2 protein chains.
Amino acid sequence: MSDPSTSRPARGRPPRLDQARTVETALALLNDAGLDALTMRRLAEAMGVQAGALYRYFRTKEDLLTAMAERMMAGVRGPAGGADWRDRLSGLAGALRQALLAHRDGARVFAGTHSTGPGTLGFAEACTGVLRDAGFSDADAARAVMAVVHFTVGHTLEEQAALRPDGDSPADPEVLREAVASGAYPHLTAALPTLAEPDYTPHFDFGLALLVAGLEALRRPHP
Amino acid sequence: MSDPSTSRPARGRPPRLDQARTVETALALLNDAGLDALTMRRLAEAMGVQAGALYRYFRTKEDLLTAMAERMMAGVRGPAGGADWRDRLSGLAGALRQALLAHRDGARVFAGTHSTGPGTLGFAEACTGVLRDAGFSDADAARAVMAVVHFTVGHTLEEQAALRPDGDSPADPEVLREAVASGAYPHLTAALPTLAEPDYTPHFDFGLALLVAGLEALRRPHP
DNA sequence: ACCTGAACACCGTTCAAGT
DNA sequence: ACCTGAACACCGTTCAAGT
């Protein structure tokens, strides 16, 4: 029952690779080049190794991406325990958004994987705890956490997609402005100034406030 | 100013390919094999043509995926105009979810593209119209539509990911059950029966109701 | 005008062989 | 035990040449 990380005799040459350093390098490569350019070969090159060597530490590329998502979730914390449940939940959702924004294509990596590591589960545990402690039922707390996470991921997916314009085709708000100029979309025309806003934080805060207000209404059914 | 679809002399051999049929075939292939197996070569084979020929109709694979997303959005309608704004908005969000669920990996295709076609814009116009007609400000209507769409996409992404289990690794709820059994996640343990629920419709309805209730609260600030 | 055939520059993954 | 080298079975995309 000895801890292998301290007691293993380290027979043979010390490895040039390990999971943690590889994940860290992969996240750096992600930031530099984006998800589409993150290939096993390029990652191997960054580690000074052949591509095949990576498969001693990750069964598939998907496993690597899952480890990257788990690493992004490690250390995602909301405000301290004293705060109001509304602020704690909003804080956790905001911290999730920031964690995804911290790496290029972070939301895409997160949405494309299903980590069950301590970072991811700890975050879900914290969110659920805030709502259960606030008096919500187990089922309502579970569903509310799902709603908040799904909204946050959906929002950040869009935010990061808008963050890096297409290169060849014109930016999204431009196309929208043009299409709307035909006069066929009067409501979108009115909404355009807000839709074309480059700062996504107010959009996120608005949606999150909607969810929180909805939860509040759940507890005071008769206004 | 003649309509080219009727007046073009059709010189040369009639084309064996066209955009609409190709998109239709691609959506069928998507349903059969999933997004990862939808390659230009396989699509070409299904159309009885070489892969290079597709590039006469779609500049890139991304253009094809965008056309597929636009096709999925065509004909997405909510309930008729008489209904209450709450029901109309919920109906539109539900119709969006159903449109994404109608094709395997539909949410992934939608989230990965940015159609500015009439189907997509028409849907956004309808959503915005419901809220503006209900008296919400242009900015609130715009942000509320974004929140509803982002929640719906995030939710359906998860729903479709859960829909087809991994093959090799055990299903997600199973892993969750195991991790939670360690006792380190008391709140998740309580939430587990709901989180592991295979029917996602109640989860969707709950999140959507939260957003709608939040919008209601926006109009009656003092309960 | 429309499509073929063949190529280019890549992928993820596997595995015998070296050290 | 750890990594190399080389291969396998693919990709998206381009483009001269055929019809």
Side-chain angles (χ1 to χ4, degrees), chain A residues 4-23 25-26 29-30 32-68 105 108-109 112-113 166-169, chain B residues 4-23 25-26 29-30 32-68 105 108-109 112-113 166-169:
Chain A
S5 72
T6 60
S7 74
R8 194 166 35 186
R11 210 158 16 210
R13 255 163 288 304
R16 293 149 61 193
L17 241 39
D18 68 273
Q19 279 214 86
R21 270 189 57 244
T22 307
V23 168
T25 308
L29 194 55
L30 182 69
D32 288 348
L35 182 56
D36 294 335
L38 175 66
T39 69
M40 295 304 265
R41 286 169 204 264
R42 274 207 257 254
L43 175 58
E45 189 187 24
M47 306 286 296
V49 104
Q50 295 295 317
L54 295 172
Y55 288 84
R56 207 160 276 281
Y57 299 89
F58 302 94
R59 212 173 44 74
T60 61
K61 185 181 183 179
E62 225 211 273
D63 278 16
L64 168 70
L65 290 168
T66 302
M68 291 168 67
D105 293 329
R108 260 172 82 195
V109 171
T113 56
D166 244 354
D168 32 88
S169 70
Chain B
S5 71
T6 60
S7 74
R8 194 167 35 187
R11 216 166 3 218
R13 257 163 286 304
R16 293 150 59 193
L17 242 40
D18 68 272
Q19 280 214 87
R21 271 188 56 244
T22 306
V23 168
T25 307
L29 195 54
L30 182 68
D32 287 349
L35 182 55
D36 295 334
L38 176 65
T39 69
M40 296 302 265
R41 287 170 204 265
R42 274 207 256 256
L43 175 57
E45 189 187 24
M47 306 285 296
V49 107
Q50 294 294 319
L54 295 171
Y55 289 82
R56 210 159 273 281
Y57 298 89
F58 302 94
R59 213 172 44 75
T60 61
K61 185 181 183 180
E62 225 211 272
D63 278 15
L64 167 69
L65 290 168
T66 302
M68 290 168 68
D105 292 329
R108 262 171 82 196
V109 171
T113 57
D166 245 355
D168 32 89
S169 69

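Residue numbers start from 1 in every chain, and the chains themselves are labelled A, B, ... in the order their sequence lines are given, proteins ahead of strands. Note that the structure is a prediction, hence the values are computed from the model and not measured.
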Problem set entry | Flag side-chain contact, heavy atom, 4.5 Å: A:L65 against A:L35 | yes
Seminar exercise, completed: To the nearest angstrom, the OH-P distance between A:Y55 and C:dC11 comes to 11 Å
Exercise. How long is the line joining CG of B:L54 and P of C:dC2, in whole Å?
Worked result: 14 Å
For this session: Provide, to the nearest angstrom, the distance between the CG atom belonging to B:L43 and the C1' atom belonging to D:dC11.
Result: 14 Å
Exercise. Sub-3.5 Å donor-acceptor pair from the side chain of B:R16 to the main-chain atoms of B:V49, do we have one?
Worked result: no
Exercise. Taking atom C1' of D:dG12 as reference, at what distance in whole Å does atom CG of B:L35 sit?
Worked result: 14 Å
For this session: Using the P atom on both, measure C:dA9 against D:dA9 and round to a whole Å.
Result: 22 Å
Seminar exercise, completed: Nearest heavy-atom approach of A:M40 to A:L64 is SD-CD2, 4.0 Å
Exercise. Given C:dT14, D:dC2, D:dC11, which nucleotide is nearest the side-chain atoms of B:R42?
Worked result: D:dC11
For this session: In whole angstrom, give the distance that lies between atom CE of B:M40 and atom C1' of C:dC11.
Result: 17 Å
For this session: Figure out the CD/C1' separation between A:E62 and C:dC11, and round it to whole Å.
Result: 16 Å
Problem set entry | Residue A:P15, side-chain heavy atoms: nucleotide from D:dC11, C:dT14, D:dC3 that is nearest | D:dC3
Exercise. Is there a side-chain contact between B:M68 and B:L38 (heavy atoms, below 4.5 Å)?
Worked result: yes
Exercise. Do NZ/NE/NH1/NH2 and the carboxylate oxygens of A:R108 and A:D36 come within less than 4.0 Å?
Worked result: yes
Exercise. What pairs with B:D32 under salt bridge (Lys or Arg N to Asp or Glu O under 4.0 Å), at least two apart in sequence or on another chain?
Worked result: none
Exercise. To the nearest angstrom, how far is B:K61 atom NZ from D:dC11 atom P?
Worked result: 9 Å
Exercise. With a 4.5 Å limit on heavy-atom distance, are the side chains of A:F58 and A:V23 in contact?
Worked result: yes
Exercise. Given atom CD of B:E45 and atom C1' of D:dC10, what is their separation to the nearest angstrom?
Worked result: 13 Å
Exercise. Within the structure, does a side-chain N or O atom of A:Y57 lie under 4.0 Å from either OP1 or OP2 of D:dC3?
Worked result: yes
Seminar exercise, completed: Comparing A:A37 with B:L17, nearest DNA chain C nucleotide closer to 5' gives the residue B:L17
Exercise. Which heavy atom in B:L17 sits nearest to a heavy atom in B:A53, and how many Å separate them?
Worked result: CD2-O, 3.9 Å
Exercise. In terms of side-chain heavy atoms of B:T39, which of D:dC3, C:dT14, D:dG12 is nearest?
Worked result: D:dG12
Exercise. If you look at every heavy atom in B:Y57 and B:Q19, which pair is closest and at what distance?
Worked result: O-OE1, 3.5 Å
Scan nucleotides 4-9 of chain D against the protein and return all N/O pairs shorter than 3.5 Å with their distances rounded to 0.1 Å.
from  : atom 1 : to    : atom 2 : distance (Å)
D:dT4 : OP1    : A:R16 : NH2    : 3.4
D:dT4 : OP2    : A:Q50 : N      : 2.6

Exercise. How does DNA chain D look in dot-bracket form if you count Watson-Crick and G-U pairs under 3.5 Å, write [ ] for pairs that cross, and put | where a base pairs with another strand?
Worked result: ||.|||||...|||||.||
